[in-house]
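Reading through the structure tokens given below for one structure.
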Amino acid sequence: MHAKAASRLLHHYREHARALPWRAPPGSGRQEPYRVWLSEVMLQQTTVATVTPRFLRFIERWPTIETLAAAPDEQILAEWAGLGYYARARNLIACARAIVARGGFPSSEAELRKLPGLGAYTAAAIAAIAFGEDAVPVDTNVERVVARVFGLADRTEVRAAAGAWWPVGDAGDFAQACMDLGATVCRPKAPACPYCPLRADCRAAALGTPELFPAPKARKVRPHRFGLAWWARRDDEVWLTRRPATGLLGGMAALPGPEWSDERPAANPLAVHRHGFTHFTLDLLVVRVAEPIGDGWWQPLADLADAGLPTLYRRAIEAALHAERERRLAA
DNA sequence: GATACGTGGAA
DNA sequence: TTTCCAAGTAT
């Protein structure tokens with residue numbers, strides 16, 4: 001019964017192919033490892049809509065893993081700026097160089113799993129999609145689809161169920177079929193069950209409460225934090241620095257400033273920018289200083305887009321420039 | 001197993 | 001406005 005359901009989903013996917021825009025259509029076999037690897041890393045916790053233009057720019061600039069591996073760190077980090085989760089970019093660099101050093105991509109899930117930035121999901125996805133291995137990539141879509149089909153509220157039971165359900169010989173297409181279904185029909189909220197090719201096989205749909213599978217995660221409060229950013233200006237330039245190589249926004253261009261704290265600093269800021277991170281909200285107080293503080297460089301305002309600023313600092317700088325204009329008009 | 005780690009779009 | 005959540009990984 002469940003084997004028939006898998007077959008039905010696979011056929012549905014191959015007829016209504018709406019895979020990732022840049023990926024070869026279903027049924028075309030193995031896909032180019034470099035592109036699969038790069039896109040799967042970009043897609044970690046990031047939507048297709050966000051990734052698509054960034055992925056296309058990346059492969060135009062660095063068409064092969066060799067060209068990417070040879071590029072300077074700062075250029076790759078700058079190209080990644082705005083995509084978030086910057087450890088991915090740092091791991092991407094290390095991973096590209098490790099792959100080139102060993103003479104090419106490993107083709108097995110186990111070997112892929114050893115590379116930096118490739119966890120259980122991504123290693124399985126590359127093995128299945130690029131190398132045709134019978135790997136089982138369980139992402140949040142697969143988890144949800146399997147949880148609902150089999151009526152499993154407990155997420156820890158889902159991985160084994162997926163492994164038992166996965167069709168042999170079609171792992172890559174089936175993974176993409178599940179992910180497309182999860183993204184378009186079997187959504188977290190308001191799933192479109194009437195349009196689902198698995199409706200007749202779905203335990204959660206039969207129970208009438210698909211949204212309870214898998215069980216919703218407990219949510220927690222997001223603390224509020226505060227930061228200072230030094231605003232040193234000269235003609236049409238602003239003083240920037242590079243953040244420490246690890247941790248939050250690690251290795252990225254930034255406005256200089258002290259470590260963030262839980263208390264709002266006593267300061268008279270030029271501008272205050274509020275930014276939501278995954279695990280806390282930050283108020284960044286941009287404060288004028290007469291001279292540059294710490295190591296860094298003068299960045300021409302006309303070339304700010306080339307600086308590779310993460311969104312927090314890009315927006316904070318926009319807010320500061322706006323405040324400067326307002327003050328000039330008021331004076 | 002729990003936590004740190006970005007950002008943007010949808011409801 | 002707030003909350004949720006997205007083709008997760010590292011520690």
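All of these numbers come straight from a predicted model, not from anything done at the bench. The chains referred to below are lettered A, B, ... by the order of the sequence lines, with proteins before strands, and numbering in each begins at 1.
- Cation-pi geometry between A/Arg243 and A/Trp260 is met: the NZ or CZ atom falls under 6.0 Å from the ring centre, inside 45° of the normal.
- Comparing the same atom, C1', in B/dT3 and in C/dA7 gives a spacing of 22 Å after rounding to whole Å.
- A ring-centre distance under 6.0 Å is found for A/Phe280 and A/Phe277.
- Considering only heavy atoms from C-beta on, A/Arg88 comes within 4.5 Å of A/Leu83 through its side chain.
- Between A/Glu60 and A/Arg57 there is no salt bridge, since no side-chain nitrogen of the basic residue lies less than 4.0 Å from a carboxylate oxygen of the acidic one.
- Separation of the A/Trp298 and A/Trp239 ring centroids falls under the 6.0 Å cut-off.
- The heavy-atom pair separating A/Glu109 from A/Ala124 by the smallest distance is OE2-CB, 3.5 Å.
- As judged by a 4.0 angstrom heavy-atom cut-off over every strand, A/Arg315 is placed among residues touching the sugar-phosphate backbone only.
- Among the protein residues, A/Arg274 comes within range of no part of the nucleic acid, since none of its heavy atoms lies under 4.0 Å from any strand.
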(message) I'd like to compare against my own output: the B/S/- annotation of nucleotides 3-11 of chain C with a strict under-4.0 Å heavy-atom distance to protein.
(response) SSSBBBSS-

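- Taking a heavy-atom distance under 4.0 Å as the criterion, the stretch of DNA chain B touched by chain A extends 5' to 3' from B/dT3 to B/dG8.
- At a threshold of 4.0 angstrom between heavy atoms, the contacts of A/Leu312 are confined to the sugar-phosphate backbone, with no base atom among them.
- Relative ring orientation between A/Phe58 and A/Trp80 is described as perpendicular, the plane-to-plane angle rising above 60° on a 0-90° scale split at 30° and 60°.
- With A/Asp73 as the fixed residue, the salt bridge (Lys or Arg N to Asp or Glu O under 4.0 Å) test singles out one of A/Arg90, A/Arg97, A/Arg242: A/Arg97.
- Taking the P atom of each, B/dG8 and C/dT9 are spaced 22 Å apart, rounded to whole Å.
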